[in-house]
Amino acid sequence: MFRLKTRQSILTACLLAISVTSGTARASEDDKVPYWASVDTDRANLRVGPGESYKIDWVYRRLHLPVKVLRREGPWRLVEDPDGTKGWMRDLLLSRQRSALVRGPGGKALVKMHAAASSASPMLWRIEPGAVGILGDCKEGWCPLDVEGHKGYVEQEMLWGAGAP
């Protein structure tokens, strides 16, 4: 056991205790599943189980691909991709940055990106299904989306990764 000798040492110990406690509260809030995440690397392995010894089922080479985190087990996350494939991925390969995958009507038609959150606003771009973009806060059925610098608003129903997980 150690002994605190100065007021500065006591203050430092108190601040450390507060930061550890607040970090714990934040971590427990982050433990809630399901939640959205995105692939945060150019190459991410999806395994059949939660560990390095499990077989690699898929290798993702799609930065910012949205995934739904269904379960946590230590540093491993059970994720579901936009096609419904499920497997385990290391937490270091994921980001909490929200992204979305464009899903056109019928899965094939181009999706309109508008200047504002309204179908009456000017159309800026037509986006191919399968395109991935960084997602903003969706409101009233519209989501701000940035697809490789092309920014605008897309109807929420045209995106996988928007809305509640």
Side-chain angles (χ1 to χ4, degrees), residues 19 22-50 56-165:
S19 68
S22 64
T24 303
R26 211 174 316 124
S28 65
E29 190 174 297
D30 290 345
D31 284 344
K32 295 178 184 175
V33 289
Y35 64 86
W36 293 111
S38 60
V39 174
D40 196 31
T41 182
D42 291 331
R43 181 186 162 118
N45 295 332
L46 186 75
R47 296 181 179 269
V48 296
I56 295 172
D57 200 22
W58 287 97
V59 177
Y60 293 95
R61 296 180 184 266
R62 192 95 187 261
L63 184 64
H64 303 303
L65 180 75
V67 293
K68 185 187 300 184
V69 176
L70 304 172
R71 201 167 109 200
R72 299 166 55 105
E73 192 167 311
W76 293 90
R77 304 294 178 262
L78 175 62
V79 300
E80 180 180 355
D81 73 11
D83 294 327
T85 301
K86 294 178 185 173
W88 292 88
M89 195 174 287
R90 217 13 245 269
D91 60 353
L92 298 173
L93 303 174
L94 299 171
S95 168
R96 288 288 186 123
Q97 182 178 39
R98 293 286 302 269
S99 64
L101 180 113
V102 175
R103 295 247 193 210
K108 296 181 182 178
L110 296 175
V111 173
K112 295 177 182 178
M113 180 181 276
H114 292 269
S118 164
S119 56
S121 72
M123 183 187 65
L124 300 174
W125 314 100
R126 291 184 190 268
I127 309 169
E128 288 188 26
V132 172
I134 303 301
L135 186 66
D137 292 330
C138 301
K139 295 179 184 156
E140 298 177 15
W142 288 88
C143 302
L145 190 67
D146 179 348
V147 180
E148 298 180 6
H150 297 87
K151 299 177 183 181
Y153 290 83
V154 176
E155 288 183 85
Q156 186 171 340
E157 66 186 25
M158 297 293 142
L159 301 172
W160 191 89

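Between Ser121 and Tyr153 there is no side-chain heavy-atom pair separated by less than 4.5 Å. Within the 4.5 Å cutoff, side-chain heavy atoms of Gln97 are placed close to those of Ile134. Between Val154 and Leu159, some side-chain heavy-atom pair lies under the 4.5 Å cut-off. In this structure, the side chains of Trp88 and Val48 stay at 4.5 Å or more apart for every pair of heavy atoms. Proximity of Arg47 to Asp57: side-chain heavy atoms (C-beta onward) are nowhere separated by under 4.5 Å. Side chains of Leu145 and Leu135 form a contact here, defined as non-hydrogen atoms less than 4.5 Å apart. With a 4.5 Å cut-off on side-chain heavy atoms, Trp142 and Gln156 do not count as touching. Counting only heavy atoms from C-beta outward, the side chains of Pro75 and Arg90 approach each other to under 4.5 Å.
Arg98 places a side-chain N or O within 3.5 Å of a backbone atom of Gly161 that can act as its donor or acceptor partner. No donor-acceptor pair under 3.5 Å is formed between the side chain of Trp76 and the backbone N or O of Gly49. Put simply, the side chain of Arg77 gets close to the backbone of Gly74: a donor and an acceptor are under 3.5 Å apart. Under a 3.5 Å cut-off, the side chain of Ser99 and the backbone N or O of His64 do form a donor-acceptor pair. Thr41 places no side-chain N or O within 3.5 Å of a backbone atom of Leu93 that could act as its donor or acceptor partner. At least one donor-acceptor pair under 3.5 Å links the side chain of Asp81 to the backbone N or O of Asp83.
The two atoms that bring Pro105 and Met158 nearest to each other are CD-SD, 3.7 Å, heavy atoms only. Smallest separation of non-hydrogen atoms from Met89 and Leu46: CE-CD1, 4.0 Å. Residues Pro82 and Pro66 come closest through the heavy atom pair CD-O, 3.5 Å. Contact detail for Gly130 and Leu101: the closest heavy-atom pair is O-CD1, 3.6 Å. Residues Met113 and Lys151 share a closest heavy-atom pair of SD-C, 3.5 Å.
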Worksheet item: What's the verdict on side chain to side chain contact (heavy atoms under 4.5 Å, CB included) for Arg96 and Tyr35, showing C-alpha distance, side-chain angles and the deciding distance?
Response: CA-CA 9 Å; Arg96 288 288 186 123; Tyr35 64 86; 3.2 Å; yes
Item to complete: Determine, step by step, whether Val33 and Arg72 satisfy the side chain to side chain contact (heavy atoms under 4.5 Å, CB included) criterion, reporting the C-alpha distance in whole Å, the side-chain angles of both residues, the deciding distance to 0.1 Å, and the verdict.
Response: CA-CA 8 Å; Val33 289; Arg72 299 166 55 105; 3.9 Å; yes
Fill in: Worked check of side chain to side chain contact (heavy atoms under 4.5 Å, CB included) between Arg62 and Val132
CA-CA 9 Å; Arg62 192 95 187 261; Val132 172; 3.4 Å; yes
Worksheet entry | Step-by-step side chain to side chain contact (heavy atoms under 4.5 Å, CB included) determination, Trp125 to Lys112 | CA-CA 6 Å; Trp125 314 100; Lys112 295 177 182 178; over 6 Å; no
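Atom CD of residue Glu155 and atom SG of residue Cys138 lie 12.0 Å apart, to the nearest 0.5 angstrom.
Enclosure of atom CH2 in Trp160 by more than 12 non-hydrogen atoms of other residues, nucleotides or ligands within 6.0 angstrom is indicated.
Annotation: cation-pi geometry not satisfied between Arg43 and Tyr60 (NZ/CZ under 6.0 angstrom from ring centroid, within 45° of ring axis).
For the side chain to side chain contact (heavy atoms under 4.5 Å, CB included) criterion with Val79, the lone passing option out of Leu70, Leu65, Leu94 is Leu94.
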